[in-house]
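Position 1 is the first residue of the sequence; numbering continues from there.
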Amino acid sequence: MMRAFSDESGRDWIATAREEATPRHFGRWYLLLYPADRPDAELPLPEVRWQTRATAERTVATMSTFELLRRLRMALARRPRASGAA
């Protein structure tokens, strides 16, 4: 379940969902973004959560590019500068 999109500068990104290892039964899946050429440079968005894998897959697949870019800007703005990510 991955969705590719490009930012304003033409860089390719991947949007996906990851399951959190937690005993909770709700909100286990969260949004994760990373550059297509650097899968190790993950940008998690734990505030965007889903109950099930099916819901996460459907939502990621249908998110608009505008929404993905908005979420990407939020994630980039809060990442630590020293990390070298993205």
Side-chain angles (χ1 to χ4, degrees):
M1 113 188 75
M2 292 188 283
R3 164 101 185 271
F5 67 101
S6 298
D7 65 17
E8 294 88 352
S9 67
R11 186 169 192 185
D12 294 325
W13 291 83
I14 303 296
T16 189
R18 175 168 293 159
E19 185 176 17
E20 180 180 21
T22 178
R24 286 192 323 257
H25 293 291
F26 58 92
R28 294 177 65 123
W29 294 87
Y30 63 93
L31 182 61
L32 180 71
L33 305 174
Y34 60 87
D37 62 345
R38 295 233 7 240
D40 60 318
E42 297 176 342
L43 297 171
L45 289 118
E47 67 274 15
V48 182
R49 292 190 171 268
W50 301 283
Q51 297 286 92
T52 67
R53 179 184 180 102
T55 302
E57 287 177 350
R58 182 176 61 248
T59 305
V60 170
T62 60
M63 286 177 87
S64 69
T65 302
F66 178 84
E67 181 65 13
L68 290 168
L69 291 171
R70 186 176 79 84
R71 296 295 183 171
L72 175 61
R73 283 190 297 274
M74 291 168 56
L76 289 171
R78 69 175 171 222
R79 76 166 188 228
R81 291 288 167 203
S83 72

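- No chain of hydrophobic side-chain contacts below 4.5 Å, direct or via other Ile, Leu, Val, Met, Phe, Trp or Tyr residues, connects L72 to L32.
- Using a 4.5 Å heavy-atom cutoff, the side chains of R11 and P35 are in contact.
- In this structure, the side chains of L43 and R78 stay at 4.5 Å or more apart for every pair of heavy atoms.
- Between D7 and R73, no side-chain nitrogen of the basic residue sits less than 4.0 Å from a carboxylate oxygen of the acidic one, so the salt-bridge criterion is not met.
- In the hydrophobic clustering of ILVMFWY residues, with side-chain heavy atoms under 4.5 Å counting as a link, W29 and L45 come out together.
- Take E67 and apply the salt bridge (charged side-chain N to carboxylate O under 4.0 Å, His left out) test, not counting sequence neighbours, and it matches R70, R71.
- Residues passing the side chain to side chain contact (heavy atoms under 4.5 Å, CB included) test with E20 are T22, R24, Y30, R49, sequence neighbours excluded.
- M74 and W13 end up in different hydrophobic clusters when Ile, Leu, Val, Met, Phe, Trp and Tyr side chains are linked at under 4.5 Å.
- Remark: D12 engages S6, A36 in a side chain to side chain contact (heavy atoms under 4.5 Å, CB included) (not counting sequence neighbours).
- Remark: T55 engages W50, T52, R58, T59 in a side chain to side chain contact (heavy atoms under 4.5 Å, CB included) (not counting sequence neighbours).
- Hydrophobic clustering, with ILVMFWY side chains joined whenever heavy atoms are under 4.5 angstrom apart, keeps L31 apart from M2.
- Across all non-hydrogen atoms, the minimal contact from P39 to Y34 is CA-CD1, 3.4 Å.
- Distance check: L68 CG to M63 CE gives 4.5 Å after rounding to the nearest 0.5 Å.
- Under the rule for a salt bridge (charged side-chain N to carboxylate O under 4.0 Å, His left out), R3 has no partner lying at least two apart in sequence or in another chain.
- Take T62 and apply the side chain to side chain contact (heavy atoms under 4.5 Å, CB included) test, not counting sequence neighbours, and it matches no residue.
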